[in-house]
Amino acid sequence: LATSNGLQRYDGSSFITFKPDVSRSDAVPDVKIVLLYIDRHGNLWIMGDNKRIGIFDTKSFRFREATLREKRSSLFILQGFFETPSGELLLLKSDGNFLRYDAKAHTFHPDKDIFPHPPKWKRMWVHWDKHQHKIWMACDSGLGQYEVRTKNLN
């Protein structure tokens with residue numbers, strides 16, 4: 001569970017709480033955990049309120065931070081994770097753009113053009129419909145849909 005009091009795990013009878021520890025570089029990134037996501041490889045991604053993000057190993061209870069290659073001077077909020085149909089992991093930012101994960105470098109890089117969206121619309125949330133092979137986008141100006149097979153934007 002992502003909480004404002006650390007990362008919490010329920011083992012069937014009690015909770016274990018993981019909090020930051022300045023003496024350990026592999027401790028959870030912040031006391032306030034704002035995002036959790038399990039990717040298709042079973043990795044538990046977590047992000048603290050301080051925008052530190054990475055994989056929390058659920059067996060060893062160690063955190064491995066990923067680098068965000070983003071201008072720190074620009075203010076943004078990470079909205080959530082999104083996996084493309086081809087398996088790429090993305091982070092959606094509050095400005096409607098994405099950061100793409102590079103597994104070899106363990107780094108997220110800006111990527112504005114991962115798939116199209118209506119011009120001058122800002123993506124706020126994205127959902128992959130695996131049954132119809134469509135990407136749904138909740139935007140500031142309406143609802144958009146991208147059909148992966150035909151590459152049509154509606």
Side-chain angles (χ1 to χ4, degrees), residues 1-117 121-131 133-140 143-144 146 148:
L1 300 172
T3 75
S4 58
N5 193 31
L7 179 66
Q8 301 208 356
R9 176 181 176 177
Y10 184 66
D11 66 6
S13 61
S14 63
F15 283 94
I16 301 169
T17 302
F18 301 95
K19 292 186 178 184
D21 181 344
V22 293
S23 67
R24 291 185 43 216
S25 62
D26 62 354
V28 295
D30 195 6
V31 70
K32 186 175 181 183
I33 305 299
V34 295
L35 282 178
L36 288 180
Y37 183 77
I38 297 175
D39 68 19
R40 66 179 61 191
H41 303 291
N43 295 315
L44 175 62
W45 287 89
I46 64 174
M47 185 180 80
D49 195 36
N50 57 4
K51 293 186 188 165
R52 289 183 57 208
I53 191 166
I55 297 172
F56 184 76
D57 187 316
T58 58
K59 293 182 177 90
S60 68
F61 305 138
R62 293 175 184 225
F63 174 74
R64 181 173 172 231
E65 186 171 3
T67 304
L68 294 177
R69 299 280 183 222
E70 180 67 23
K71 294 178 186 173
R72 289 294 180 165
S73 60
S74 62
L75 295 175
F76 66 89
I77 300 168
L78 295 171
Q79 301 290 91
F81 290 94
F82 176 75
E83 283 185 84
T84 67
S86 62
E88 294 178 282
L89 183 64
L90 307 173
L91 280 171
L92 178 62
K93 302 184 322 174
S94 57
D95 65 3
N97 294 312
F98 287 104
L99 299 174
R100 182 193 306 244
Y101 180 62
D102 176 348
K104 288 181 183 176
H106 197 52
T107 303
F108 285 91
H109 297 276
D111 190 340
K112 290 183 179 183
D113 301 316
I114 189 78
F115 54 84
H117 63 288
W121 286 22
K122 183 173 85 173
R123 291 176 283 223
M124 301 176 79
W125 195 251
V126 180
H127 175 74
W128 165 241
D129 181 342
K130 65 182 177 182
H131 301 291
H133 299 273
K134 297 177 182 179
I135 296 172
W136 291 91
M137 296 169 272
C139 301
D140 63 346
L143 186 63
Y146 179 68
V148 175

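Position 1 is the first residue of the sequence, and the numbers go up from there.
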Minimum-distance pair of heavy atoms, taken over all atoms of [X] and [Y]:
X	Y	value
Ile33	Leu36	CG2-CD2, 4.2 Å
Gly144	Trp121	N-CZ3, 4.4 Å
Pro29	Gly48	CG-N, 3.8 Å
Lys19	Ala27	O-CB, 4.1 Å
Tyr146	Pro116	CE1-CG, 3.4 Å
Arg69	Thr107	CG-CG2, 3.1 Å

(request) Could you tell me whether Phe81 and Tyr101 have their ring centroids closer than 6.0 angstrom? (result) no
(request) May I ask you to check whether Phe18 and Phe63 place their ring centres under 6.0 Å from each other? (result) no
(request) Give the C-alpha distance, both sets of side-chain angles, the deciding distance and a yes or no for side chain to side chain contact (heavy atoms under 4.5 Å, CB included) between Asp111 and Leu90. (result) CA-CA 9 Å; Asp111 190 340; Leu90 307 173; 5.6 Å; no
(request) Would you check, one step at a time, whether the test side chain to side chain contact (heavy atoms under 4.5 Å, CB included) holds for Ile114 with Glu88? (result) CA-CA 10 Å; Ile114 189 78; Glu88 294 178 282; 4.1 Å; yes
(request) Could you check His109 against Asp102 for side chain to side chain contact (heavy atoms under 4.5 Å, CB included), going step by step and ending with a plain yes or no? (result) CA-CA 8 Å; His109 297 276; Asp102 176 348; 4.0 Å; yes
(request) Using the ring of Phe98 (Phe, Tyr or Trp, six-membered ring only), decide whether Arg123 places NZ or CZ under 6.0 Å from its centre and within 45 degrees of its axis. (result) no
(message) Assess, by modelled atom type and distance only, whether the side chains of Lys32 and Asn50 contain a donor and an acceptor separated by less than 3.5 Å.
(response) no
(request) Let me know which of Ile55, Val28, Asp26 forms a side chain to side chain contact (heavy atoms under 4.5 Å, CB included) with Arg62. (result) Asp26
